[in-house]
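This report refers to the structure that appears directly beneath it.
All residue numbers refer to positions in the sequence shown, counting from 1. Hydrogens, waters and symmetry mates play no part in the numbers below; they use all other heavy atoms, side chains included.
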Amino acid sequence: MYRICKRIELESGHLLSKHPGSCRFPHGHTRSVEMIYAAEETDDHEMVLDFKAVKEMMAGFLEQFDHALCMNTEDPQFAAFRAAYGDRIIPFEKCDPTSEMIAKKVYDHAKAALARAQSGEGTYPVRPCVRLERVRVWETSSSWAEYGD
């Protein structure tokens, strides 16, 4: 099995309404988001897929998290924060935006983007045999969460 990993770094914040400690307050992290793709064989260029294809598939999606605050839509202050800061508040529907939930949100988007690319959307060809294995979100240099099949 061949695998590639594309890592994107961003600054983002969250607050965890359900957390019993200080994580319930707004705070930020320098996050690294890794997307791991796999294929049994490489293509004619000896690649699983071009890294530029991953960048194109994820264009705009991850940038929305940069210098933004992720919040549970059930947080009592969600509406006020959204009114004040607009799309810089990223809604997480009825769940706290833990690293696990962020990894799932990125995974779901990346999987749908991969399917579109495999059907011919985009500049770089992506073979049908390529699959997204997992998304890993590093919250700190020593702590990560991942989501995948």
Side-chain angles (χ1 to χ4, degrees), residues 1-40 47-119 121-122 124 126-149:
M1 184 66 62
Y2 293 91
R3 290 178 181 81
I4 66 162
C5 175
K6 178 69 174 167
R7 179 187 289 213
I8 297 171
E9 292 191 1
L10 48 90
E11 305 293 330
S12 71
H14 64 170
L15 63 91
L16 306 178
S17 328
K18 300 174 189 175
H19 196 278
S22 59
C23 290
R24 71 182 183 272
F25 302 113
H27 63 284
H29 298 282
T30 299
R31 296 186 193 277
S32 289
V33 178
E34 297 177 354
M35 293 151 288
I36 295 96
Y37 296 86
E40 298 262 341
M47 297 179 179
V48 170
L49 76 157
D50 196 307
F51 289 114
K52 290 181 180 179
V54 178
K55 187 175 179 181
E56 184 177 72
M57 286 187 284
M58 298 305 289
F61 180 76
L62 288 176
E63 287 81 8
Q64 74 176 319
F65 288 89
D66 197 36
H67 289 82
L69 182 68
C70 300
M71 287 184 74
N72 185 333
T73 56
E74 292 185 330
D75 185 288
Q77 297 301 315
F78 176 79
F81 272 74
R82 193 70 191 247
Y85 301 109
D87 65 358
R88 302 316 302 155
I89 303 300
I90 310 288
F92 277 70
E93 200 63 40
K94 298 181 180 179
C95 70
D96 271 359
T98 61
S99 290
E100 293 87 343
M101 295 299 104
I102 293 170
K104 182 178 184 333
K105 189 176 199 103
V106 173
Y107 179 90
D108 290 346
H109 178 84
K111 190 162 186 168
L114 176 62
R116 289 191 301 272
Q118 289 170 324
S119 68
E121 183 180 301
Y124 300 93
V126 179
R127 298 170 299 139
C129 64
V130 174
R131 65 184 177 82
L132 176 64
E133 278 193 345
R134 66 185 173 270
V135 167
R136 181 176 288 171
V137 174
W138 289 84
E139 184 167 298
T140 68
S141 63
S142 63
S143 304
W144 57 260
E146 72 177 25
Y147 184 85
D149 288 336

Exercise. Closest heavy-atom contact between A38 and V48?
Worked result: C-CG1, 4.0 Å
Seminar exercise, completed: Looking only at heavy atoms, the pair that brings V126 and A53 closest together is CG2-CB, 4.1 Å
Problem set entry | Closest contact, heavy atoms only, M57 versus L49 | CE-CD1, 3.7 Å
For this session: Evaluate salt bridge (charged side-chain N to carboxylate O under 4.0 Å, His left out) for D149 paired with R131, printing each intermediate quantity in order.
Result: CA-CA 10 Å; D149 288 336; R131 65 184 177 82; over 6 Å; no
Exercise. Below 4.5 Å, heavy atoms only, C-beta onward: do L132 and I36 meet side chain to side chain?
Worked result: no
For this session: Determine whether R134 and R136 make a side-chain contact, defined as any pair of heavy atoms from C-beta on separated by less than 4.5 Å.
Result: yes
Problem set entry | With A145 via side-chain contact (heavy atoms from CB on, under 4.5 Å) - residues at least two apart | S99, E100
For this session: Would you check if L114 and Y37 make a side-chain contact, meaning some heavy-atom pair closer than 4.5 Å?
Result: yes
For this session: Could you tell me which non-hydrogen atom of Q64 sits nearest to which non-hydrogen atom of I90, and how far apart they are?
Result: O-CD1, 3.4 Å
Problem set entry | Euclidean distance, L10 CG relative to F65 CZ, rounded to 0.5 Å | 8.0 Å
Exercise. Distance from T73 atom OG1 to I89 atom CD1, nearest 0.5 Å?
Worked result: 12.5 Å
For this session: Using the test salt bridge (Lys or Arg N to Asp or Glu O under 4.0 Å), find all partners of E121 that sit at least two apart in sequence or belong to another chain.
Result: R116
Exercise. If you round to the nearest 0.5 Å, how far is CG of L15 from CG of D96?
Worked result: 7.5 Å
Exercise. Should we say atom NZ of K52 is surrounded by more than 12 heavy atoms from elsewhere, each under 6.0 Å from it?
Worked result: no
Exercise. How would you list all residue pairs meeting salt bridge (Lys or Arg N to Asp or Glu O under 4.0 Å) that involve residues 65-90, not counting sequence neighbours?
Worked result: none
Exercise. Looking at side-chain heavy atoms only, is the closest gap between E139 and T98 below 4.5 Å?
Worked result: no
For this session: Kindly state each residue pair satisfying side-chain hydrogen bond (donor to acceptor under 3.5 Å, both in side chains) with at least one member in residues 1-15, sequence neighbours excluded.
Result: R3-E133, R7-E34, E9-S32, E11-T30, S12-R31, H14-H27, H14-H29, H14-R31
For this session: Calculate, to the nearest 0.5 Å, the distance between atoms CZ and CG belonging to R24 and L16 respectively.
Result: 11.0 Å
Exercise. Which value, rounded to the nearest 0.5 Å, describes the distance between M47 atom CE and I4 atom CD1?
Worked result: 9.0 Å
Problem set entry | Residue list, side-chain hydrogen bond (donor to acceptor under 3.5 Å, both in side chains) with D108, at least two apart or on another chain | K104
For this session: Could you tell me which non-hydrogen atom of C129 sits nearest to which non-hydrogen atom of Q118, and how far apart they are?
Result: N-NE2, 4.5 Å
Seminar exercise, completed: For residues 67-109, the ring-ring contact (aromatic ring centres under 6.0 Å, His included) pairs (sequence neighbours left out) are F61-H109, Y107-Y147
